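In what follows, a structure is listed as structure tokens, so that the remarks can point back to it.
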Amino acid sequence: MKTFNEKCYDLLMQIPKGKITTYKLIAEALNTKAYLAVGNAMKNNPYVLTVPCHRVVHSNGNVGGYVKGIEKKIEILKSEGIDISNNKIINLKKYLFRF
DNA sequence: CCCTTGACCAAAC
DNA sequence: GGTTTGGCCAAGG
């Protein structure tokens, strides 16, 4: 049995470039409501080079957080073709990735 | 083993 | 439509 974190990382790795997901969806994919735990796993993120944690945002479209700083995260997402305004994803639904 | 801490979420105000 | 409130689960001290 993998740890909760590893399962999160597995899912994140499946996200293609230009797509994003939410903490909620990850939790749902794991059959749990541990939204907070997912966030925790991200901040721990021991696989920062393997797991694209910058492609994960809040359900309401808010960008959330990032180890390198929220602004840096926005910069990365923008470079992948995602429109962001006032620290929030414009069309979250449009870029949302389904597992 | 108890308590605290989160990069959360949905509903209520 | 911004802000507060209560609930949610896993990991770490």
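The shown structure was predicted, so the numbers you read here are calculated from the model rather than taken from an experiment.
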- So what does A:Val67 hit on the nucleic acid, given a heavy-atom distance under 4.0 Å: a base, only sugar-phosphate, or nothing? base

Once salt bridge (charged side-chain N to carboxylate O under 4.0 Å, His left out) is applied, what residue pairs with a partner in [range] remain, sequence neighbours excluded?
{"range": "residues 5-15 of chain A", "value": "A:Lys2-A:Asp10"}
{"range": "residues 30-44 of chain A", "value": "none"}
{"range": "residues 13-23 of chain A", "value": "none"}
{"range": "residues 78-94 of chain A", "value": "A:Arg55-A:Glu80"}

- Atom CG of A:Asn40 and atom P of B:dT5 are separated, to the nearest Å, by 12 Å

- Atom CG of A:Asn62 to atom P of B:dA10: distance rounded to whole Å? 13 Å

With 3.5 Å as the limit, what N/O pairs link the protein to nucleotides 11-13 of chain B?
none

To the nearest 0.5 Å, how far apart are [atom1] in [X] and [atom2] in [Y]?
{"X": "A:Ile84", "Y": "A:Ile76", "atom1": "CD1", "atom2": "CD1", "answer": "10.0 Å"}
{"X": "A:Phe97", "Y": "A:Thr21", "atom1": "CZ", "atom2": "OG1", "answer": "8.0 Å"}
{"X": "A:Ile20", "Y": "A:Leu92", "atom1": "CD1", "atom2": "CG", "answer": "5.0 Å"}
{"X": "A:Cys53", "Y": "A:Met13", "atom1": "SG", "atom2": "CE", "answer": "12.0 Å"}

Looking at DNA chain B, which of [range] put a heavy atom within less than 4.0 Å of it?
{"range": "residues 7-25 of chain A", "result": "A:Tyr23, A:Lys24"}
{"range": "residues 85-99 of chain A", "result": "none"}
{"range": "residues 43-53 of chain A", "result": "A:Lys43, A:Cys53"}

Taking only distance into account, with no hydrogens and no angle test, what donor-acceptor pairs under 3.5 Å do side-chain atoms of residues 59-74 of chain A form with protein atoms, sequence neighbours excluded?
from    : atom 1 : to      : atom 2 : distance (Å)
A:Asn60 : OD1    : A:Asn62 : N      : 3.0
A:Lys73 : NZ     : A:Val56 : O      : 2.6
A:Lys73 : NZ     : A:Val63 : O      : 3.0
A:Lys73 : NZ     : A:Gly65 : O      : 3.1

- What are the 5'-most and 3'-most nucleotides of DNA chain C lying under 4.0 Å from any heavy atom of chain A? C:dC8 to C:dA11

- Transitively linked via ILVMFWY side-chain contacts under 4.5 Å: A:Ile89 with A:Tyr35? no

- Is the closest side-chain heavy-atom distance between A:Tyr9 and A:Met42 below 4.5 Å? yes

- Message: Do A:Phe4 and A:Thr32 have side chains that approach each other closer than 4.5 Å (heavy atoms only, starting at C-beta)?
- Response: yes

With a cut-off of 3.5 Å and sequence neighbours excluded, list every side-chain donor-acceptor pair involving residues 44-52 of chain A.
from    : atom 1 : to      : atom 2 : distance (Å)
A:Asn44 : ND2    : A:Asn40 : O      : 3.2
A:Asn45 : OD1    : A:Tyr47 : N      : 3.2
A:Asn45 : OD1    : A:Val48 : N      : 3.3

- Note on the structure: Across all chains, not counting sequence neighbours, the side chain to side chain contact (heavy atoms under 4.5 Å, CB included) partners of A:Leu11 are A:Gln14, A:Ile26, A:Ala29, A:Leu30, A:Phe99

